[in-house]
Structures are given as C-alpha cells and as structure tokens.
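Okay, structure first, notes after.
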Amino acid sequence: MDGLRSDASTRDGAHGESGGGRRRGMPLPFFLVKYFVYILLGAFLMAGAVVSSLIVAVDSGMLYPANYASIQSEAMIGSIEARGTVEADDIPSCYRWGAFDQQGRLVEGDFDARSKALADDVAQQGDEGAVAYSSPFSSPVYAVSAALENGGVCVLVYDFNPDFVSKAWRDAFPDPQGALLLVGLALFVAMVALIAVRASRMLKCKLSPLVDAAQRIGRRELDFAIERGNVRETNDILDAVDDMRSSLKRSLEAQWHAEEVQRTALSSLAHDLKTPLTIVRGNADLLLESPLSDEQRCYASYIHDGACDLHICIDKIITAARVCTWEHADAYDESARSLYGRVVAEARALAQSCDGRLIAGPFPQVSFDAWMTVCDDTVQAVMNLVDNAFSYGGAAKRVRISCRFEESGMRDDAAPNRRDVASYEPSEFCFTIIVDDEGPGFSPAMLAHGAQRFYRGDSARPMDGHHGLGLFIAQERIDAIGGRLVLENTDHGARTRIVLPCRMGSKETTAPQAAC
C-alpha cells in the first residue's frame with residue numbers, strides 16, 4: 001500500500017501541476033458532422049447511380065425516354081385515324097391502348113385496371129387529356145383518342161415514366177423508374193445503417209476509457225492513469241472522472257490509515273491487557289492450589305473463570321481487528337476434494353475437544369477435478385460454523401457436515417444432480433459446504449442479523465466464550481474469496497452453508513471465475 005500511495009501521490013502532483021495543459025481534443029459536433037457528410041455524399045451517389053442507370057438504359061435502347069409517349073402522341077393519333085384501324089403491333093409499349101365500338105364496349109387492347117377506368121371515361125365522354133394519379137409519388141397519367149373507320153374509338157393511355165421497349169418486359173417487370181428508386185432507397189437505408197454502426201463503434205471506442213476508468217474505480221483500483229482521446233467532451237468527462245479518482249484515492253487512503261491506526265491501537269491494547277490477565281490467572285491458579293476454605297476457594301474459582309473468559313474475549317478482539325485485512329491475504333487454488341478433507345479433519349478434532357459427535361458425509365462421486373480460490377482462513381471460517389453448531393445445536397452435540405456441487409442460482413431445495421454436472425460450463429456451478437445441527441434453529445432476528453459484528457441474538461445469554469463474532473468472521477473470510485454465507489433452518493435444526501465459486505479442469509489451465 002505504501003508503494004501505491006507514493007506512486008499515486010507523484011502522479012497526482014504531476015497531474016495538478018499540468019492541469020492547465022490537459023488534452024482538449026476536437027468538439028463532439030465535428031466528430032458527428034463527419035458522419036453526416038458521409039450520409040450526404042451517399043445520398044448524392046445513390047441519386048446519381050439511379051439517374052445514370054436510367055440514362056444508360058435509354059441510350060442502349062432498352063427503355064423509352066420518359067417523355068417519348070407525350071411527344072409521339074399526336075403522330076400516333078394521326079397515323080391511326082389515317083388507317084382507320086388499329087393493330088397491337090402498331091402501338092409502342094409506352095402506350096396502353098384499347099379499341100371501343102360505337103356502343104362504348106371494349107373490343108380489344110392491353111389495358112391494365114388503372115388505364116381501363118380512364119379509357120372508359122374518355123371513350124364515353126371524350127375528355128381527352130384527362131389526368132389520374134396512381135399514387136402521390138407517380139407521374140400523372142394522360143389519355144388521348146383517335147376515331148376509327150367503323151365509328152369506334154381507339155384510346156391511348158400514357159404517363160411520363162420510362163418504359164421498356166419490349167412489351168413482354170413491360171408486362172413481366174415493374175415500372176423501371178420506380179424499381180430503381182426503390183433499390184436506391186434500400187441501398188441508401190443500408191448505407192445509413194452501416195454508417196450508424198460505424199459511428200456507434202467509434203463513439204464507443206472514444207468512451208471506452210471512461211468505461212474502463214469507472215470499472216477500475218468500482219474495483220477500488222485507484223493507481224492508474226486515464227487515457228485521453230481526441231474528443232473534447234469525452235476528455236472533459238475523463239478529466240472529471242480523474243479528479244474523482246484522485247479525491248476518492250485520497251479519501252480512501254485517509255480512511256485506510258485511520259483504520260490501520262485503530263487496528264494497531266486495538267491490538268496493542270489487547271496485548272497489553274493479556275499481561276495483567278496472565279498475572280491474575282496465574283495467582284488464581286496458585287490460590288486454588290493453596291489450602292483455602294470453601295468460601296475462599298469459591299471466590300478464587302470465580303476469579304480464575306473470569307480471567308479465562310476475558311482472555312478468550314481478548315483473543316476474539318485481536319481476531320476481529322484482523323478482519324478488514326483478510327481481503328488482501330494471499331489466495332491460492334485448491335481442489336474441492338482437498339478442501340473438504342481438511343475441513344472434515346479439523347471438524348473431527350474440534351468434536352473431540354468438546355465431547356461432541358461429528359457425522360461427515362462423503363465427497364460427491366464426480367468424474368472431474370473442481371478447483372476454487374481459497375486462503376489460509378477458509379477452513380477456519382468453516383470451523384467457526386462447526387463451533388457454533390456444537391455450542392448451540394442442542395444437548396446431544398451432534399453435528400453433520402456435508403458437501404455438494406450445485407448449479408449457480410439453483411433453488412436451495414433443488415436436487416444437486418438435476419442435470420449432469422460434467423456438462424456444466426466452468427462458471428455455472430459452485431461447491432457448497434453444509435453444516436447442520438439438531439438445535440432449535442435460528443430465530444428470525446438471527447437469520448436477519450446473525451452475521452453482523454458482535455450480534456449474539458439473546459443478550460441475556462451467559463458468557464460462554466462466544467462474543468457474536470463467529471458468523472461475522474466466517475462471512476468476512478468467505479466474502480474475501482468471492483463466496484457467500486447462507487443461514488437457514490431445516491426440519492431438524494439450524495443450517496449454515498458456505499457457497500464457493502468452482503471451476504472444472506486442472507489447476508494450471510483454469511482461471512478464477514466470478515462468484516455465484
């Protein structure tokens with residue numbers, strides 16, 4: 001920590017001195033305008049491509065020009081009236097035509113539904129030059145008529161769109177101008193989408209230093225330099241985040257220093273109290289070995305027992321003072337089988353020392369190696385739970401300890417073998433150590449507050465060597481390695497579970513996974 005403080009202090013000093021020279025970068029509107037220019041250029045390119053395609057098709061003879069039917073309409077009417085008859089081959093594909101008899105009935109032609117309605121009006125009323133619209137985006141449709149020698153009428157219908165020279169193509173394919181416009185619009189939308197994706201990726205790249213800084217600050221990694229980009233607004237935010245990092249670092253350093261001083265003072269005071277307590281306890285032992293009356297021996301026994309209780313309390317205080325340093329303790333990998341073996345061995349020794357009975361379940365039959373991150377205090381955390389179970393688990397002092405693999409997020413009452421454990425992904429399952437007793441179970445208050453420091457549930461409970469630290473210490477030690485402590489009741493008594501994130505594979509090939 002001293003190295004962290006000195007390095008960060010140097011960096012913070014340099015940062016403060018050069019604050020006026022922070023990298024500004026270009027304004028965000030300039031960054032965005034570039035992509036609007038791309039869209040504008042793309043729109044011009046798409047429009048140019050559509051127009052160029054139509055021009056090339058007209059020059060190649062594939063399409064009639066858009067105004068060809070209008071220019072040739074008078075010549076077509078004159079030609080039809082001069083002949084007095086009309087044939088399909090005489091009518092170019094840019095026209096829709098139809099021949100009506102004297103009663104206004106259509107005799108022949110190639111009208112579509114839209115043209116047929118307009119032609120009927122022209123044939124019956126003679127309104128040449130009538131206009132109709134198929135949609136708001138299409139050109140107007142016109143109709144002209146020519147008299148036939150049999151007294152009938154030939155009606156030609158046309159618009160101002162390019163048409164295929166081939167009638168077969170005209171009837172088989174949609175309007176070429178509309179089709180090209182739709183294709184151009186689709187390509188323009190795709191181009192805008194690609195530009196938007198590109199812009200979002202670039203913006204995300206510009207903001208990635210901010211995301212990285214926020215994540216590292218969230219993990220309390222405060223000794224790092226924030227990289228600036230070339231956008232002014234994001235640099236302003238990064239500067240503010242860097243100021244927050246420096247302020248938070250100074251605040252945490254002051255807090256850590258105060259906690260360290262407090263722990264040191266508490267440990268020193270506890271160690272200082274041990275000396276007079278040892279003298280009191282030693283003299284009480286001497287008194288008990290001397291010839292005393294029954295009343296004197298009773299008083300000496302009280303002094304001896306009280307000194308023993310105070311000695312235990314002081315040890316607990318020293319242990320509690322170490323709690324906040326456990327998360328910085330060295331961690332290492334250990335297999336689930338090895339950890340469970342150590343836990344059972346320690347629990348058996350504890351059961352013998354307190355005249356209790358331990359029932360240890362077998363290790364699950366699995367076909368893979370399971371590894372987890374542990375520290376030196378992990379087994380001791382389980383022993384705190386076992387000690388509580390022997391102390392408050394009923395007069396029989398019978399404690400059961402077992403273990404199992406379970407899926408992350410599995411219901412507490414679900415079968416651990418709900419699916420084949422060997423098919424789990426590395427971060428999908430956990431290793432759980434379970435301690436059951438046969439006592440009255442946890443009260444609602446204990447379930448809610450049992451893991452808090454110095455919480456003992458029943459304040460009237462006599463001093464018995466427990467000072468409300470067992471569950472608290474266990475939870476702190478398990479939290480430090482990414483696990484969790486669960487308190488619950490069963491039909492037979494209280495149950496405590498320690499759930500540790502577990503991963504499959506060898507120790508050398510696996511990496512730590514997130515907590516369950």
Side-chain angles (χ1 to χ4, degrees), residues 47-186:
V50 170
V51 173
S52 299
S53 299
L54 290 174
I55 293 175
V56 170
V58 170
D59 290 342
S60 65
M62 182 182 297
L63 300 179
Y64 285 116
N67 62 348
Y68 179 83
S70 176
I71 294 174
Q72 297 294 327
S73 60
E74 293 185 2
M76 287 297 301
I77 293 300
S79 174
I80 294 173
E81 289 182 343
R83 290 195 308 271
T85 60
V86 62
E87 299 292 337
D89 294 339
D90 299 334
I91 308 299
S93 63
C94 57
Y95 297 100
R96 293 284 182 173
W97 70 278
F100 293 85
D101 59 17
Q102 295 179 356
Q103 288 75 33
R105 292 174 298 186
L106 180 65
V107 178
E108 60 178 329
D110 60 358
F111 287 135
D112 53 17
R114 180 188 63 181
S115 302
K116 175 65 167 59
L118 180 59
D120 286 340
D121 293 338
V122 173
Q124 294 175 8
Q125 302 176 13
D127 292 332
E128 295 191 10
V131 179
Y133 291 91
S134 60
S135 73
F137 301 101
S138 54
S139 63
V141 178
Y142 295 91
V144 293
S145 63
L148 300 178
E149 62 181 9
N150 60 2
V153 176
C154 176
V155 178
L156 302 180
V157 176
Y158 64 91
D159 56 21
F160 281 84
N161 287 329
D163 290 297
F164 287 107
V165 173
S166 169
K167 289 185 178 181
W169 284 28
R170 180 199 65 181
D171 296 335
F173 298 103
D175 172 48
Q177 178 175 286
L180 280 175
L181 288 175
L182 287 177
V183 171
L185 179 62

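All values below were derived from every heavy atom in this structure, side-chain atoms included, with hydrogens, water molecules and symmetry-related copies excluded.
For D110 (side chain) and W97 (main-chain N/O), a donor-acceptor pair under 3.5 Å exists by modelled atom type.
The two atoms that bring Q177 and P162 nearest to each other are OE1-CD, 3.2 Å, heavy atoms only. Across A143 and V157, no two heavy atoms sit closer than the pair CB-CG2, 4.1 Å. Minimum interatomic distance between S53 and L180 (heavy atoms only, all atoms of both residues): CB-CD1, 4.0 Å. Of all heavy-atom pairs between Y95 and A69, the closest is OH-O, 2.6 Å. The two residues G61 and V165 come nearest to each other via the heavy atoms O-CG2, 3.1 Å. Across D163 and N161, no two heavy atoms sit closer than the pair OD2-O, 3.2 Å.
Exactly one of I80, I77, V155 qualifies for a side chain to side chain contact (heavy atoms under 4.5 Å, CB included) with S145. That residue is V155.
Of the inter-residue distances, the one linking Y64 atom OH with R170 atom CZ reads 10.0 Å to the nearest 0.5 angstrom. Annotation: the span from L54 atom CG to D59 atom CG amounts to 11.0 Å, rounded to 0.5 Å. To the nearest 0.5 Å, the span separating OG on S73 from CG on N67 amounts to 11.0 Å. The structure places CG of L63 at 11.0 Å from OG of S166, a figure rounded to the nearest 0.5 Å. Separation of atoms CZ (F164) and CG (D175) is listed at 8.0 Å; rounding is to 0.5 Å. In this structure, NZ on K167 lies 6.5 Å from CD1 on I91, to the nearest 0.5 angstrom.
Using a 4.5 Å heavy-atom cutoff, the side chains of L185 and L181 are not in contact.
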Check against side chain to side chain contact (heavy atoms under 4.5 Å, CB included), F100 and R105
CA-CA 5 Å; F100 293 85; R105 292 174 298 186; 5.9 Å; no
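Other residues, nucleotides and ligands place no more than 12 heavy atoms under 6.0 Å from the CG atom of D89.
Residues that satisfy the side chain to side chain donor-acceptor pair (under 3.5 Å) test with N150, not counting sequence neighbours, are absent from this structure. Partners of S79 by side chain to side chain donor-acceptor pair (under 3.5 Å), not counting sequence neighbours, listed by chain and number: R83.
Note: W169 and F173 have perpendicular aromatic rings, judged against thresholds of 30 and 60 degrees for the angle between ring planes. The aromatic rings of Y142 and Y158 sit parallel to each other, their planes meeting at less than 30°, with 60° as the upper class boundary.
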